[in-house]
Amino acid sequence: MRVVIIGLTESKAVPKDRRLFSYDDINGEPHESVHTALSPYLFDASGLFDSHIAVREESQPINGLPKLITGSQPIDDGNFIIGSEEYHPLKKENPEFASWFRPFIGAREFIQGSKRYIVHPASIPPQIAKKLNGLSRRLEAVRKFRHASKRISTKAIADSPGEFGVTVIPDEPFLAIPQVSSERRQYAPIG
């Protein structure tokens, strides 16, 4: 497909009729069609509320599927997240504590295959949490980090350091769709 735009006009000087020439054969004669409005995709946009909008924003999925949601946001300054290099020794030294860490998959882990783990202290029963070596140190570090924040919403959760800012802990299969990817990719990575 080839597109050639012959002329551009300021919005206040747009002609009443827009002419579109389509070719069944690039070497053949064109078929002219006249429209009161064309979309950015060069189709008749006379029935659209705003002919300049290429994709309309929707607040709910238009296909009936569940709404996409963002993943967990611990707002913890990294205190609940550990990499493989910290997880494996922890698993040997303190297997009870390590058993509360779950895989934490962000865009980097999904795309590059690296591993991180996260603990959600609020889901640990209090009688077990008291026995977990190192958990109280992490909770206190999160409390201090949140109190020192300039964000009002972060300060508001400072005295609940075991809770995440946003908690999404899947217990069934889910789609991972990174918010950021490379423009060099032919397709957005989804898994």
Side-chain angles (χ1 to χ4, degrees), residues 50 53-191:
D50 183 348
I53 293 179
V55 178
R56 183 177 69 236
E57 184 176 331
E58 295 286 345
S59 61
Q60 295 295 319
I62 59 173
N63 56 6
L65 293 173
K67 189 175 184 176
L68 293 178
I69 58 172
T70 198
S72 288
Q73 296 174 0
I75 309 177
D76 67 332
D77 197 30
N79 286 288
F80 297 148
I81 303 167
I82 60 175
S84 294
E85 66 285 346
E86 189 178 349
Y87 175 75
H88 294 297
L90 176 67
K91 193 172 179 180
K92 284 182 182 175
E93 295 165 19
N94 195 343
E96 187 178 11
F97 190 23
S99 70
W100 289 98
F101 280 83
R102 299 171 56 120
F104 188 51
I105 302 168
R108 182 177 295 124
E109 292 77 28
F110 177 68
I111 293 171
Q112 297 174 359
S114 58
K115 300 257 191 230
R116 285 193 306 169
Y117 300 86
I118 190 165
V119 65
H120 182 236
S123 64
I124 303 172
Q127 66 275 18
I128 295 175
K130 288 177 190 175
K131 298 176 191 175
L132 296 177
N133 211 6
L135 182 60
S136 60
R137 177 189 53 79
R138 290 175 188 272
L139 290 168
E140 188 53 34
V142 171
R143 184 187 320 276
K144 285 180 182 177
F145 167 74
R146 290 177 181 177
H147 272 297
S149 176
K150 292 180 179 165
R151 288 181 61 206
I152 294 170
S153 59
T154 300
K155 283 181 179 274
I157 60 170
D159 290 325
S160 300
E163 290 289 351
F164 292 173
V166 174
T167 306
V168 178
I169 302 176
D171 56 4
E172 56 187 38
F174 60 92
L175 279 178
I177 305 172
Q179 287 182 327
V180 178
S181 182
S182 170
E183 66 185 24
R184 294 181 303 236
R185 293 182 189 282
Q186 193 169 3
Y187 301 100
I190 298 174

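- The backbone N or O of Gly106 lies less than 3.5 Å from a partner atom in the side chain of Glu109, making a donor-acceptor pair.
- Nearest heavy-atom pair across Ile75 and Val142 is O-CG1, 4.2 Å.
- One distance of note links CD1 of Ile105 with CZ of Arg102; it measures 10.0 Å at 0.5 Å rounding.
- Every residue meeting the side chain to side chain contact (heavy atoms under 4.5 Å, CB included) condition with Phe104, not counting sequence neighbours, appears here in chain and number order: Ser72, Pro74, Ile81, Arg116, Ile118.
- Side chain to side chain, Ser149 and Arg151 fail the donor-acceptor criterion of an N or O pair below 3.5 Å.
- In terms of the ring-ring contact (aromatic ring centres under 6.0 Å, His included) criterion, residue partners of Tyr87 (sequence neighbours excluded) are, by chain and number, Tyr117.
- Counting non-hydrogen atoms of other residues, nucleotides and ligands closer than 6.0 Å to CG of Asn94 gives a total above 12.
- Scanning both residues, Val180 and Ala107, for their nearest heavy atoms gives O-CB, 4.3 Å.
- Residues Phe164 and His120 place their aromatic rings such that the two centres sit under 6.0 Å apart.
- Taking CG of Leu65 as the reference point, atom CD of Gln60 lies at 12.0 Å (rounded to 0.5 Å).
- Residues Glu96 and Ile128 are in side-chain contact: their nearest non-hydrogen atoms beyond the backbone lie under 4.5 Å apart.
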Next item on the list: Begin from the C-alpha positions of Phe110 and Ile190 and carry the test side-chain contact (heavy atoms from CB on, under 4.5 Å) through to its verdict.
Entry: CA-CA 9 Å; Phe110 177 68; Ile190 298 174; 5.5 Å; no
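- For the atom pair CG (Leu175) and CD1 (Ile69), the distance works out to 11.0 Å, reported to the nearest 0.5 Å.
- The shortest distance between side-chain heavy atoms of Ile82 and Val119 does not fall below 4.5 Å.
- Counting heavy atoms from C-beta outward, Arg146 and Lys155 have side chains that stay 4.5 Å or more apart.
- Phe101 pairs by the ring-ring contact (aromatic ring centres under 6.0 Å, His included) definition with Phe97, not counting sequence neighbours.
- The two residues Pro121 and Phe80 come nearest to each other via the heavy atoms CG-CE2, 3.5 Å.
- Arg108 places a side-chain heavy atom less than 4.5 Å from the side chain of Ser114.
- The distance from atom CD1 of Ile177 to atom OG1 of Thr70, rounded to the nearest 0.5 Å, is 11.0 Å.
- Between the CD1 atom in Ile124 and the CG atom in Leu135 there is a gap of 5.0 Å [rounded to 0.5 Å].
- Rounded to the nearest 0.5 Å, atoms CG (Leu132) and CZ (Arg137) are 12.5 Å apart.
- Atom NZ of Lys91 is surrounded by 12 or fewer heavy atoms from other residues, nucleotides or ligands within 6.0 Å.
- When all heavy atoms are compared, the tightest approach of Pro178 to Pro189 is CD-O, 3.0 Å.
- The nearest pair of heavy atoms linking Trp100 to Ser123 is CZ3-O, 3.7 Å.
- No more than 12 heavy atoms of other residues, nucleotides or ligands lie within 6.0 Å of CD in Gln179, so this atom counts as exposed by the packing criterion.
- A salt bridge links Arg143 with Glu140: the closest approach of a Lys/Arg side-chain nitrogen to an acidic carboxylate oxygen falls below 4.0 angstrom.
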